[in-house]
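A short write-up of the structure that comes next.
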Protein chains: 4
Amino acid sequence: MPLERRAVTKEEVVKDFRTGEIANAARRVIGELGYPEASMERIAQEAGVSKGTLYLYYRNKRALLLTAIEHSFDELMTETRIRTERVKGCEAQLGAMVRAWVEHTNEQRAFFRVLQLVGPDLSEELRGLQEIYHGFLSELLNRGQQAGELRGHDSAQVARLVVNLLRGTSLARLNQSDPPDAEDEIATIVDVLMHGIAAGDAR
Amino acid sequence: MPLERRAVTKEEVVKDFRTGEIANAARRVIGELGYPEASMERIAQEAGVSKGTLYLYYRNKRALLLTAIEHSFDELMTETRIRTERVKGCEAQLGAMVRAWVEHTNEQRAFFRVLQLVGPDLSEELRGLQEIYHGFLSELLNRGQQAGELRGHDSAQVARLVVNLLRGTSLARLNQSDPPDAEDEIATIVDVLMHGIAAGDAR
Amino acid sequence: MPLERRAVTKEEVVKDFRTGEIANAARRVIGELGYPEASMERIAQEAGVSKGTLYLYYRNKRALLLTAIEHSFDELMTETRIRTERVKGCEAQLGAMVRAWVEHTNEQRAFFRVLQLVGPDLSEELRGLQEIYHGFLSELLNRGQQAGELRGHDSAQVARLVVNLLRGTSLARLNQSDPPDAEDEIATIVDVLMHGIAAGDAR
Amino acid sequence: MPLERRAVTKEEVVKDFRTGEIANAARRVIGELGYPEASMERIAQEAGVSKGTLYLYYRNKRALLLTAIEHSFDELMTETRIRTERVKGCEAQLGAMVRAWVEHTNEQRAFFRVLQLVGPDLSEELRGLQEIYHGFLSELLNRGQQAGELRGHDSAQVARLVVNLLRGTSLARLNQSDPPDAEDEIATIVDVLMHGIAAGDAR
DNA sequence: CATGAATGAGGGTTCATTCAT
DNA sequence: CATGAATGAACCCTCATTCAT
């Protein structure tokens, strides 16, 4: 039974393997050079195949780019889900999200690089991914409010703010040779996000 | 002395005028089309000069880009200074900064568009500008702490966070066909920044 | 002997079968898409084999093309022979040839499409085929002269003219969305060919 | 006065010169290699400029091709008009047309090569040119009929036939290393066209 | 100084051909 | 024998940069 399944899969596995390998190469190159500089030639080199081979697995550069981003996003999302389920309480979960994001920044440079420059054309397709993340975060915030842990902000608005903050943070870390210690930065983000910077008000 | 100075100036004035005019044209074009689509040809058209002339004033596209960003930044900085001086209290001043930034996003799309794709190489040269903004914000926060308006965070760290948040916000607004109302977004930012999202703690 | 011959034949029959099948597929594809658009990939699909298999039977695209043309030509020639034998009299036979050719244009688009772009190199190898047709026509004209039905032109020259006319006609029909009615065109060709366009001379 | 006109023209003259020169190069290359093999690179070489320069004068390959053909056609048409006006009588004029065409075949190989393979896309734009030639010939035939020199054929149909014959003739001459003597071929064409090949009928 | 025609490296993409399986 | 994944040369085209005028 597994045999037959393996038999069917055999070529598919190879195909999937290649597909993923190329997408990874694309991620690396984009992460290093940014999207405009990431030529198909360069990606092919990185993947150890010829330029033409790229087109066996992806219709065009755009499709390859899209897949690379989706891969990156899936990893981020998976990691985020795993970590937030491990802890309890809104603040802790928010912390987990932030940590997942920031740590991802280092590994998945491509993802964030692309998120930066995403033109109006690409953003169309990426909107879906953004909304998944956004929705996940909104729900987390909603639960926090219902649990009385959070104030009564508009969850969607706050979620947007948090995502913007995270994205900006990635940007900064990406473009600096020696970004601040990740743990420190995460702690600051969570602290400010939760409690603000104003001196203790009696609120 | 005045003679010589005038003589030198006369040419320099013209040179500076051209230099600035071209940089502004570059800003407009980049703002409209984004960096990858902003060709030298198009910028020359916008500036009303020929392509070759661009190279009389700028070594290459990169240098032109850099200057364009600097101009944009100068305007942002000037505007920021003016507005923060008009109001009193740390929260109000922070609000003024945020407002200046967000409004700039709409007018100076070029600035932010370029900041988006700023590779590791470019960011090297922009570091200086960032530090100016950063320093200004840090000092503002410091004064807030000394006035007892703010908690005792590390000002530099918080300043960094704020800048990241602003940058991320610009990014989002730039890539959305209908971003949320600017005033709402500004208000949310300032509120969360000042007071956090956690339910009223007695801190 | 028969044994050996059978042994040889068995393989050869299969080989010939494949060879012909592929050539026919090539004809169909070329006829439909024209030569430049007829990719080996597409021909392989049409033939129901893989791209690689094509190269087991033909050295390269050129060779395949050549064979496809030859096949097409064989059919034209066979059809031409059959039809001309069915009728008597030079004019009728000429008409049969013209009709066979024009009707072939519709069915065997590939043949004519290819003849269109036939470069000096290809035409070298097709010369043989042309000469067969040419010879057949020349003889027909000769017999017509001996029978007193035709004037005393140089048969070879006239044959050449007729072939050129037919080829030009195919070309035109191929590149027009709605070519004139075939019967009308055939009739005009035969009439003009036989009697010319000059007003009745006593010749 | 002429001075000023020259001043205005100066750059335009250069531009026109280049434009024509490139079109001529295109004609030569297409004439030699046929359209599919005529790469922009090759045309650039022939014109003695770089690939990029081609695009300063023509939007794309298609546009260049089109212009090249139009140039060729204009020359053919001009030559045809001049020669037919020089002689009197329908037969003589027809002969002049045939002669112009056949002689053109040698010089303007590109024109005929392209006319051969002209795909459905191109033929759209070339239809206009064809119709000019066609119309000219039709009118010539009409006048012949009215003058009683020609039989009462449908001029348009006969014109079509003649054009097809000419085109086919070009094709043949183009693809042969040693085509028959031009004068002989022309004479045969005119004779057959006028009087047919049938033995003297009393018509 | 200013110009813009010219350049040519490089972009994404296609496809005839090869070869390990 | 048959396959089809892989190749890489060649395609058309763009654009930052140069330089003769």
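By convention in this document, chain letters (A, B, ...) are assigned in the order of the sequence lines, proteins followed by strands, and residues within each chain are numbered from 1.
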From M40(B) atom CE to I22(B) atom CD1, the distance as rounded to the nearest 0.5 Å
8.5 Å

What is the separation between atom CG on D16(D) and atom P on dA5(E), rounded to the nearest whole Å?
13 Å

Phosphate oxygens OP1/OP2 of dT3(E): is one of them under 4.0 Å from a side-chain N or O of T53(B)?
yes

To the nearest angstrom, the CD-C1' distance between Q45(B) and dC15(F) comes to 14 Å

Residue mapping more 5' on DNA chain F - nearest nucleotide basis, Y57(C) or M40(D):
Y57(C)

Applying the Watson-Crick and G-U wobble criteria at under 3.5 Å, what pairs with dG8(F)? Answer none if nothing qualifies.
dC15(E)

Working to the nearest 0.5 Å, report the span between CD of E46(D) and CG of L33(D).
9.0 Å

When the distance from CD of E41(B) to P of dA5(E) is rounded to whole Å, what number comes out?
9 Å

Across the strands shown, which category fits R42(B) at heavy-atom distances under 4.0 angstrom: base, sugar-phosphate, nothing?
nothing

Report the base-pairing partner of dC1(E) (Watson-Crick or G-U wobble, both distances below 3.5 angstrom), or none.
none

side-chain N/O R62(B) vs dA16(F) OP1/OP2, d < 4.0 Å:
no

Spacing between L54(D) atom CG and dC11(F) atom C1', to the nearest angstrom
14 Å

By nearest-heavy-atom nucleotide on DNA chain F, the more 5' of L56(A) and R59(D) is L56(A)

Short side-chain N/O contact from S50(D) to OP1 or OP2 of dA6(E), under 4.0 Å
no

How close or far is atom C1' of dA5(F) from atom CD of E21(A), stated in whole angstroms?
14 Å

Atom pair distance, as rounded to whole Å: CD1 in I30(B) and P in dA16(F):
11 Å

If you define the side chain from C-beta out and look only at heavy atoms, does anything of Y55(B) sit under 4.5 Å from R59(B)?
no

Counting distance alone, no hydrogens or angles: does the base of dG11(E) have a donor or acceptor under 3.5 Å from a partner atom on the side chain of K51(A)?
no

Taken to the nearest whole Å, OH/Y58(D) to P/dC12(F) is 16 Å

When rounded to whole Å, the CG to P distance for the pair L65(A) and dG12(E) reads 11 Å

Check E75(B) with R27(B), please: is the shortest side-chain N to carboxylate O separation under 4.0 Å?
yes

OG on S50(A) to CD on E41(A), rounded to 0.5 Å:
9.0 Å

Given DNA chain E, 5'-ward residue of the pair V49(B) and Y55(C), judged by closest heavy atom
V49(B)

Which part of the nucleic acid, if any, lies within reach of S39(D) when heavy atoms closer than 4.0 Å are counted: base, sugar-phosphate only, or nothing?
sugar-phosphate

